[in-house]
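Worksheet for the structure shown next.
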Protein chains: 2
Amino acid sequence: MRRTLKESKKAPERRRNPLSGGKSSGAKPSARSASQKTKRLPFEQRRKLIVRKAAEFFAESGFAATTRELADHLGTTQPLLYKYFKTKKDLVDEVYKSVFLDVWDDSWDDLLIDRSRPVEERLVEFYARYTDVIMNRGWMRIYLFAGLRDVGITSSYIRLLEERIIRRIAVEICTFCGIELTTDNESHYIEIAWSLQGSIFYYGVRKYAYGLSPRTDKDFVIRNIVGIYVKAWPHEMVVTSPPRSVQLL
Amino acid sequence: MRRTLKESKKAPERRRNPLSGGKSSGAKPSARSASQKTKRLPFEQRRKLIVRKAAEFFAESGFAATTRELADHLGTTQPLLYKYFKTKKDLVDEVYKSVFLDVWDDSWDDLLIDRSRPVEERLVEFYARYTDVIMNRGWMRIYLFAGLRDVGITSSYIRLLEERIIRRIAVEICTFCGIELTTDNESHYIEIAWSLQGSIFYYGVRKYAYGLSPRTDKDFVIRNIVGIYVKAWPHEMVVTSPPRSVQLL
DNA sequence: CTGTGTCGTTATCGATTGATCAATTAAAAA
DNA sequence: TTTTTAATTGATCAATCGATAACGACACAG
């Protein structure tokens, strides 16, 4: 409607440059330095740049932050944003998409069900690759911000995760352990698989979203936690009985 | 300075009424219904009421929400807030305190180190009681909001948690498993204990903070996860070696 | 070099924000 | 009851919000 879908010329797109400067000597409170003029860019290129920088910016300040501060982060002016997005909400939705959908790797599915390799090895490699994508300050914080503000986007991401990852993990470990999945016990085992996910995820929250520094590195945590779950994957579900004292392994 | 610390008369304080109406027929956009007049309250009582209602309100809308909406939630007017708190930030800090410090239960420490009982039983009971406090929509969401906005308060809460809970859990399970804690392996075992915490915590995030509904109940998750960690608590740390395929338990 | 379409900016609007203050009124003290 | 004290409110301010419109300037086709 507003634009004839120029589709530009697939220019040599600058790929992933999360820590670019943007504003150099920006001591001024609101306006960008007069000496630094804004480079003129083709429509699609500018639009993508805005989404990328907006993701960086909203990750730090939350989606309640102002469009003017975002423009400062971009090195441009605030009304420019409204040439590319009708409302602030439209821009936020675009940031959601770029964070939750565009980074999804379809090869994760195949990796998880490749039964020519041991489950534990598959799981360790999957979580190593998965966390390479999500365990950074930007992704982690946007995930948390989105979950608190928009149940919708987080809900559908969690559904996606459960269908394609969590459920698969439960199936693979159960198969490895010789456990038959039934409609009765399925949700229980999925919940156990979720708790494996949660233990790894919360490590990322502490380290990246909150900027605290656990003493050990990501790969150590993944290897040990996966090892624990595969080794002690429950054969029968403890549902109502009181906690029995455990016999030492 | 502003007030002579009246300390009121310890009136029969209304205790914990998280789901009160506040505004009844509030279809009006900004002002409260004229028929419903604000009850006049002693200083400390009103102050505590404001903090409690503010916690409810900020949990839903985030700390960026407006003081006017908060006043609506309270059933009073917006300027009233500034008779009790100098700035909005002061009120927010008070909410932090009421959520993170005032609910801490000192008996948790003793429960965890009571070696007359089996570790697994102690852990299950601790997490049952701990999650009774934190696993509700209000606490969970405020914890997440605070972590994203104020690293300070979350950082100190996590330190408190590590010193008094996580470290103790690591020590107790290691003792039970006959593992000697040294300065070399201590941080590794604390990290494993953190992952136990994380797996239970993330269950709460999904269910309460995001309002999703895991299919199984809290106690089931706690019993099974604690069982897994106690059973498979690693005797030697996997640090650099590639994942070995595991021998079935 | 000159027009022309488009990217970017300046200026500004109405609504809303946190915060202040004098006026009001209900509760406690006399 | 009358007086005193303090809790509550309506009115309002300066700053800031998202969003719009009109103008300016750079690139490119001819």
Side-chain angles (χ1 to χ4, degrees), chain A residues 1-9 11 22 28-50 53-54 57-58 61-93, chain B residues 1-9 11 28-50 53-54 57-58 61-72 74-93:
Chain A
M1 188 72 78
R2 179 194 200 76
R3 174 155 281 267
T4 59
L5 194 47
K6 198 175 172 181
E7 199 54 41
S8 71
K9 34 195 155 190
K28 283 293 177 56
S30 60
R32 65 217 168 83
S33 149
S35 64
Q36 186 174 358
K37 307 198 70 175
T38 304
K39 188 84 169 291
R40 213 181 167 95
L41 294 180
F43 189 82
E44 275 304 321
Q45 197 170 334
R46 170 69 68 185
R47 187 183 158 94
K48 281 175 183 167
L49 182 64
I50 291 177
K53 288 284 196 176
F57 172 69
F58 286 138
S61 308
F63 293 106
T66 71
T67 53
R68 277 166 236 269
E69 286 177 302
L70 169 57
D72 284 350
H73 183 72
L74 269 156
T76 65
T77 57
Q78 180 247 2
L80 183 67
L81 302 172
Y82 291 88
K83 301 282 182 181
Y84 296 86
F85 303 93
K86 200 168 177 304
T87 65
K88 183 183 175 184
K89 182 179 181 306
D90 286 355
L91 171 55
V92 169
D93 288 342
Chain B
M1 186 71 79
R2 176 194 203 76
R3 174 153 281 265
T4 59
L5 193 48
K6 197 175 175 180
E7 199 53 42
S8 72
K9 37 193 152 188
K28 285 290 177 61
S30 60
R32 65 222 168 81
S33 148
S35 63
Q36 186 174 0
K37 308 198 71 173
T38 304
K39 190 83 172 292
R40 220 174 166 94
L41 293 181
F43 189 82
E44 276 303 321
Q45 197 171 333
R46 170 69 71 187
R47 188 183 158 94
K48 282 175 185 168
L49 183 64
I50 291 177
K53 288 283 196 178
F57 173 69
F58 286 138
S61 309
F63 293 106
T66 71
T67 53
R68 277 167 236 267
E69 285 177 302
L70 169 57
D72 284 350
L74 268 156
T76 65
T77 56
Q78 180 246 6
L80 184 67
L81 302 172
Y82 290 88
K83 298 290 179 179
Y84 295 87
F85 302 94
K86 200 168 177 303
T87 65
K88 183 184 176 185
K89 183 180 180 304
D90 286 355
L91 171 56
V92 169
D93 288 342

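Note on naming: letters A, B, ... go to the chains in the order of the sequence lines (proteins, then strands), and numbering restarts at 1 for each one.
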* Asked: Are OP1 or OP2 of D:dT8 and a side-chain N or O of B:R46 less than 4.0 angstrom apart?
  -> yes
* Taking CG from B:L81 and P from D:dA7, how many angstroms apart are they, rounded to a whole number? -> 14 Å
* Asked: In whole angstroms, how far is the C1' atom of C:dG18 from the CZ atom of B:R68?
  -> 7 Å
* **N/O donor-acceptor pair under 3.5 Å between A:K88 side chain and A:F63 backbone** => yes
* **Earlier contact from the 5' end, DNA chain C, for B:Q78 and B:R40** => B:Q78
* NA contact type, B:A65, heavy-atom cut-off 4.0 Å: base, sugar-phosphate, or nothing? -> sugar-phosphate
* Asked: Does D:dG18 have OP1 or OP2 sitting under 4.0 Å from an N or O in the side chain of A:K88?
  -> yes
* Asked: If you look at every heavy atom in A:L49 and A:L74, which pair is closest and at what distance?
  -> O-CD2, 4.1 Å
* Asked: Within less than 4.0 Å of OP1 or OP2 of C:dC21, is there a side-chain N or O belonging to B:Y82?
  -> no
* Whole-Å gap separating P (C:dA28) and CZ (B:F43) -> 16 Å
* Take atom CG of B:L80 and atom P of D:dA11, then tell me their distance rounded to the nearest Å. => 17 Å
* Check whether any side-chain N or O of B:T66 sits under 4.0 Å from OP1 or OP2 of C:dT17, and answer yes or no. => yes
* Roughly, in whole Å, what's the span from NZ in A:K83 to P in D:dG24? -> 14 Å
* To do: First locate atom CZ of B:F57, then atom OG1 of B:T67, and finally report the distance between them rounded to the nearest 0.5 Å.
  => 9.0 Å
* Is the shortest side-chain N/O distance from B:T67 to OP1 or OP2 of C:dG18 below 4.0 Å? -> yes
* **Gap between atoms CZ and P, on A:F63 and D:dG18 respectively (whole Å)** => 14 Å
* Whole-Å distance separating the NZ atom of B:K39 from the P atom of C:dA28 -> 10 Å
* How many Å lie between OH on B:Y84 and C1' on C:dA19, as a whole number? -> 17 Å
* State the CG-CG distance between A:L80 and A:L70, to the nearest 0.5 angstrom. => 10.0 Å
* Structure fact -> Closest heavy-atom pair, A:Y82 versus A:T87, reported as atoms and distance to 0.1 Å, is CE2-CA, 4.3 Å
